[in-house]
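I have placed the structure first, in the form of structure tokens, so that the comments after it can refer back to it.
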Amino acid sequence: MKYKSQKVAYWFFALSMLLLSLQLIYGLIMGFAHAGMDGLHEWIPFNTAKAVHTNLLVVWLLSGFMGAAYYIIPEEAQHELVSVKLAYVQLISLALVGVAAIVGYHFNYWEGRKFLEIPRPLDYLVVVNVLLFMALILITLFKGKRKTTTALVMSMGLLFAALLYLPGMIDFDSQVLDSFFRWWVVHLWVEGVWELIMGGILSFLLIKLTGVDREVIEKWLYVIVGLTFLSGILGTGHHYYYIGVNKIWLIVGGIFSALEPLAFLAMALFAVNMYRKGEKKHPNKTALLWTIGSAIVSFIGAGLLGFAHTLPQTNLYTHGTIVTAMHGHLAFWGAYAMIVFAIISYALPNMTGRKFYDTARGRMAFWISNIGMIGMTVAFGVAGVAQVYMERKMKMDFMTVQKDLEIHFYVLIIMATLFIVGITLYIIEFFKHGQPTDEALEVNELVED
Amino acid sequence: MLSKKQARAFFLGGTVVTFLIFIGLTVYSLGEAQDQSHSENITEAVVRGKKLWESNNCMGCHTIMGEGGYYAPELTKVVERRGDAYIKAALMSEQPWQPRGRKMVAYNMSEAEADDMVAFFKWIGEIDLNGFETVVSPLAKDKSNN
């Protein structure tokens, strides 16, 4: 940490940890319901649990991205954040909107559109909140001494993410158009502009952790985000195969979404190569583990498992089955959750002055959560493939198949428990660092560039 | 060897070109001539049904056109498969509908609301889904073949 205002990032990260914990509880409720145990149905029916689970994911990741931006942008721009007070206002309003939305879901107050369940009045508050955030980041960047590629790419990702929220607020009478433009938000976020944010954070971390020349790292950052958009924008077509729009999307979506793993492969190769090339070995091994881990797991989860069911010939059978949940879990974990964990692991010792760089608990958190998540992915995958064969090939009734799948959800619950143990260790490590302090500024000079 | 300037040109150029193609394809595929959804059949009842579908977050459990919660049955061809009366009974039930033990929220809808939902499902059932409609609803497919 080089600027006092970077400390505000800590509270965004703390909010992330809190919301993540809640997300896991609602995930478990869903897992038990799938396994035939829905004792909470009266208070938390499945559709409530699902809306809360997915929305908490989005909000905690956004809070993590915002924290990352508040940490990275001042350091890259070499300028204090323009207003720390307003950043706290933004944090509190983000938390309030998030909590209001989640409480509302328990009282049938929602829009009922997958991933975009937040009711319209709260949508406007989200827009105001994000505008405030973007203003703080962009003014800081504009006033800064330097405008690095890392900061520009990350800010561009955040700005596009804010703009792309708007198509999701258009009202349509047609379910087809509703679905079409809903993917402008969801797909272009997750398989487009969020990758810019991820790329920006990854680039910042690699510069700090490996000591490889900034020019080299940022050159490859351009190539990676170039590949992301080149494949990801037209790759949106894979959501349009079977929702009632023209067949042209079968060809365009098929070709371009098949190219999407390239961006993730490039990111994995880039991270591993920079690590091997690097002469400076930063002592923060935990941050390095999450950074390289994120690049590799995102290639497997988002790249390979996405490719596994993205071709129209395959997707015809897997569309609308648990196969999607298999891909979704490992993709979000690898690409976004792990990169947020990486920047937190890097920033925490710098903000608090406590150098827990390579602890046994930190390493266990990484390995246990990853083994748990891979186990969950396998359970989802087996259940999904079984569902496809029984329901779509053998033409069995939906609920008959669901009964046969229950055993896989017992496995899922066991692996999810392991995952939760890993996350709990990470959160314990987070709070063991204590709160950020200005004294950390002096301590950092020893290891920073 | 690739320079940073060339890498930036690749990023910006690729993004602009693919985005323009994306917009072009969107305009083309949503044009009237390409309509596969029979949008002329979207009546007021269908729109009211869609609003009920959204305000109750039915998508949180069910799927429609393959999109949704994967917890309850796909409803794309539900009218063909189950008929109006069964659907209305499920929606108007005061107790949680629970075929084979998996509970649905008891929506206790009025007859008019249930009719709107059926109208919405009927419109959905007529959409040309590029072949997905035959895969997702084998029971409906078998019925039409017999």
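Every chain is numbered from 1, with letters handed out A, B, ... down the list of sequences.
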Contacting moiety of A:K50, where chain B heavy atoms sit under 4.5 Å: side chain
Toward chain B, the part of A:A33 with a non-hydrogen atom under 4.5 Å: both
Criterion side-chain contact (heavy atoms from CB on, under 4.5 Å) on A:F180 and A:W249, from CA distance to verdict: CA-CA 12 Å; A:F180 191 94; A:W249 292 109; 4.0 Å; yes
Toward chain B, the part of A:E117 with a non-hydrogen atom under 4.5 Å: side chain
Steps toward side-chain contact (heavy atoms from CB on, under 4.5 Å) verdict (A:L316, A:Y241): CA-CA 8 Å; A:L316 178 65; A:Y241 295 160; over 6 Å; no
Heavy-atom pair count under 4.5 Å with chain A, highest-scoring of B:P99, B:A72, B:C58: B:A72
A:E218 and A:S203: side chain donor to acceptor below 3.5 Å: no
Choice from B:P73, B:C61, B:S29 maximising heavy atom contacts with chain A below 4.5 Å: B:P73
Side chain, backbone, both or neither of A:M156 within contact of chain B (heavy atoms, under 4.5 Å): side chain
Choice from A:H41, A:E111, A:Q387 maximising heavy atom contacts with chain B below 4.5 Å: A:H41
Proximal component of A:L405, with respect to chain B [non-hydrogen, under 4.5 Å]: neither
B:S93 (side chain) donor-acceptor with B:A90 (main chain) under 3.5 angstrom: no
Region of A:I248 in contact with chain B, defined by heavy-atom distances below 4.5 Å: side chain
Top contributor to chain A interface from B:N130, B:L129, B:L30, B:L12 [non-hydrogen pairs under 4.5 Å]: B:N130
Heavy-atom neighbours of B:E126 CD exceed 12 at 6.0 Å: no
Which atoms of B:T15 approach chain A - backbone, side chain, both or neither, heavy atom under 4.5 Å: both
Within 6.0 angstrom of A:Y389 OH, more than 12 heavy atoms from elsewhere: no
A:T321, part contacting chain B, at a heavy-atom distance under 4.5 Å: backbone
Side chain, backbone, both or neither of A:K247 within contact of chain B (heavy atoms, under 4.5 Å): both
Which atoms of A:H319 approach chain B - backbone, side chain, both or neither, heavy atom under 4.5 Å: both
Region of A:T400 that comes under 4.5 Å of a non-hydrogen atom in chain B: both
Intermediate values then yes/no, side-chain contact (heavy atoms from CB on, under 4.5 Å), A:L227 and B:F10: CA-CA 9 Å; A:L227 284 172; B:F10 166 70; 4.1 Å; yes
Criterion side-chain contact (heavy atoms from CB on, under 4.5 Å) on B:I42 and B:K50, from CA distance to verdict: CA-CA 10 Å; B:I42 301 177; B:K50 178 177 179 281; over 6 Å; no
Interchain contact, B:I21 with chain A, by part (heavy-atom threshold 4.5 Å): both
Side-chain donor-acceptor pair present, A:T149, A:R214, cut-off under 3.5 Å: no
Residue, of B:K5, B:R8, B:Q6, B:Q34, that accumulates the most heavy atom pairs under 4.5 Å with chain A: B:R8
Ion pair check, B:E133 and B:K77, cut-off under 4.0 Å: no
B:E44, CD: over 12 other non-hydrogen atoms inside 6.0 angstrom: no
Choice from A:V401, A:D173, A:V216 maximising heavy atom contacts with chain B below 4.5 Å: A:D173
Contacting moiety of A:L177, where chain B heavy atoms sit under 4.5 Å: side chain
Parallel, tilted or perpendicular: rings of B:H62 and B:W53 (30°, 60°): tilted
B:I23 portion near chain A, given a 4.5 angstrom heavy-atom threshold: side chain
Closest-packed option against chain A by number of heavy-atom pairs under 4.5 Å, given B:S37, B:G69, B:S39: B:G69
Among the listed options B:G14, B:G101, B:G131, B:G68, the residue most often paired with chain A at heavy-atom distances under 4.5 Å: B:G68
Exceeds 12 heavy-atom contacts within 6.0 angstrom, atom CZ of A:F181: yes
Contact origin within A:F398 toward chain B - heavy atom pairs under 4.5 Å: side chain
B:L25 portion near chain A, given a 4.5 angstrom heavy-atom threshold: both
Best-contacting candidate, A:K403, A:M30, A:R182, A:E42, against chain B by heavy atom pairs under 4.5 angstrom: A:R182
Most contacts with chain B, counted as non-hydrogen pairs under 4.5 angstrom, among A:Y240, A:Y242, A:Y317: A:Y242
Among A:Y109, A:W183, A:W220, residue most engaged with chain B (heavy-atom pairs, under 4.5 Å): A:W183
Electrostatic pair B:D84-B:K122, nearest N-O below 4.0 angstrom: yes
B:S3 portion near chain A, given a 4.5 angstrom heavy-atom threshold: backbone
Under 4.5 Å from a heavy atom of chain A, the part of B:I124 involved: side chain
Portion of B:K103 that has a non-hydrogen atom of chain A nearer than 4.5 angstrom: both
Side-chain H-bond candidate by donor/acceptor type, B:E67 with A:S179, under 3.5 Å: yes
B:N56-B:Y107 side chain donor-acceptor pair, cut-off 3.5 Å: no
Enclosure of A:K393 NZ (heavy-atom neighbours >12, cutoff 6.0 Å): no
